[in-house]
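Just so you know, ligand 1 is whichever comes first in the structure, and atom 1 is the first atom listed for that ligand.
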Amino acid sequence: MEGQTAEELVAQATGAENGAGDSEPEFNLELSQDQKDIREWVHGFAEGVVRPAAHEWDEREETPWPVIQEAAKIGLYGFEGLAQFWMDPTGLTMPIVNEELFWGDAGIGMSIMGTTLAVAAIYSSGTPEQLGEWVPRCFGTVDEPQVAAFCSSEPDAGSDVSAIRTTARYDEAKDEWVLNGQKAWATNGGIAGVHVVIASVDRELGSRGHAAFVVPPGTKGLEQGAKVKKHGLRASHTADVHLDDCRVPGSCLLGGKEKLDERLARAREGTSSRGQAAMKTFEVSRPTVGSQAVGIARAAYEYALDYAKQREQFGRPIVENQAIAFALADMKMEIDASRLLVWRAAWMGRTGKDFNNAEGSMSKLKAGEVAVWATERAIQILGGNGYTREFPVERMHRDAKIYTIFEGTSEIQRLVISRAISGARIR
Ligand SMILES: Cc1cc2nc3c(=O)[nH]c(=O)nc-3n(C[C@H](O)[C@H](O)[C@H](O)COP(=O)(O)OP(=O)(O)OC[C@H]3O[C@@H](n4cnc5c(N)ncnc54)[C@H](O)[C@@H]3O)c2cc1C
């Protein structure tokens, strides 16, 4: 430094010296033109097609097939679209798409994105041939779109996945797997074409004895049980699924039998590394779920901000009261903080970073809790109107609540984070 002129220091700082201006910046929050274009495209669909339909399908509590078909027509629903979102090397396109779609409406958003739960399971456990065969079939065609379901939870196995009782028995003579059990809470359960079912092949091994199976459309022995009537996300179908001697070909075991046998042998010897692999799978998928919560929170915040500027009491817009304006300032700050955690974890997942501090869980936990809090604040800002079904923030609040429950409850996220940061056996 010593002896350098002011001009030399400025040249160094601005990168004008030694051609430093030509090199890639190492940190950048600027979205690429592709990301901006996709965001605008999904936003247009959310604003023009999803929002106007939101109230109707929430009241009907049915899957909005016409909206799914519209999404399929423009390429937003389908495996090519999904592949394009996944291919973004920064990992940000998936959360951007989800945030915009769920900004439109979360119930319809889930009826469009619920299929990706099954796709993610096929992607994480399947062979390349299985991906090629089953992922397109999860979506169906533009003329006849299908949805897919991921069935892991059971009446007695929610947070404790190791308690799964559904069994898979191999019938060697026929090269078939026989599935028996009851699944609970399955998004698209029973109305799906493809179901991905998690079953136990060796109960003594707990979650290390689990395997994932594709149940092809129309397979005998798979029946929808009770449809769940829900607090929110009501345009998305949720139901029990019964498996009664449900036979699927040997090729429907995701990953194949040889790999399963090797994995079971390692687990019996106590040398399995599946725990870390499963942890990584969840950490990679959680920011996508978090981005859905960010979308709901942002929708409620924007609605409340506009309302507060219009609504007058005591002769002035209510936004001119600090109590209202500060609440909106906090909402904006918390939503932006959530998005940054989501983007960080999405980027880490896509670039293969280790989630040493459970950053994926952090993003989902923060975004889910902010969505519940921000939508409640929005109701408060709208006063009596906020409490009615005539105004959308009431629906947004009901929709937001699921984000502290599914894909790992807030308590389970805290468990994962605290174990990761401490290395302690926290229970
Ligand atoms: C709308 C909806 C859609 C869903 N979609 C799917 C789907 O598509 N596929 C699927 O497989 N599942 C799905 N689920 C199930 C969802 O993942 C489970 O509801 C969730 O994992 C929680 O399980 P549980 O409901 O059994 O709650 P429980 O596990 O019984 O938890 C009850 C309470 O106890 C707390 N708790 C439990 N264990 C601990 C612990 N060790 N430490 C601290 N607190 C703890 C929880 O945090 C929670 O507050 C869906 C659920 C809903 C409501």
Does the protein put a heavy atom under 4.0 Å from [atom]?
atom: atom 30 (O) of ligand 1; value: no
atom: atom 42 (N) of ligand 1; value: no
atom: atom 51 (C) of ligand 1; value: yes
atom: atom 20 (C) of ligand 1; value: yes

Checklist entry - With a 4.5 Å limit on heavy-atom distance, are the side chains of Arg51 and Asp105 in contact? => result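 When only atoms from C-beta onward are counted, Asp105 and Arg51 do not touch, as no gap falls below 4.5 Å.
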Is ligand 1 under 4.0 Å from a heavy atom in the side chain of [X], in the backbone, in both, or in neither?
X: Ile198; answer: neither
X: Thr187; answer: both
X: Lys183; answer: neither

Discussion item. Using only atom types and a distance under 3.5 Å, with no angle test, would you say the side chain of Asn357 pairs donor to acceptor with the backbone of Glu359?
Written reply: no
| message | Under 4.0 Å, counting heavy atoms only: does Leu117 come that close to any atom of ligand 1? | response | yes
Nearest 0.5 angstrom please: Ile74 CD1 to Phe45 CZ, how far?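 That separation rounds to 5.0 Å.
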Derivation and outcome, side-chain hydrogen bond (donor to acceptor under 3.5 Å, both in side chains), residues Gln310 and Asp306
CA-CA 6 Å; Gln310 307 291 331; Asp306 281 350; over 6 Å; no
- Taking only Lys NZ, Arg NE, NH1 and NH2, and the carboxylate oxygens of Asp or Glu, determine whether Arg165 and Asp156 approach each other closer than 4.0 Å. yes
Notebook entry, point to check: Would you call the rings of Tyr170 and Trp177 parallel, tilted or perpendicular if under 30° counts as parallel and over 60° as perpendicular?
Noted result: tilted
Handout entry: ligand 1 to Phe150 polar contact by distance, N or O atoms, under 3.5 Å
Key =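 Yes, there is a polar N/O contact under 3.5 Å.
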Practice prompt. Considering only non-hydrogen protein atoms, determine which one is nearest to atom 28 (P) of ligand 1 and report residue, atom name and distance to 0.1 Å.
Written response: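 Of every protein heavy atom, Ser159 OG, 3.7 Å lies nearest to atom 28 (P) of ligand 1.
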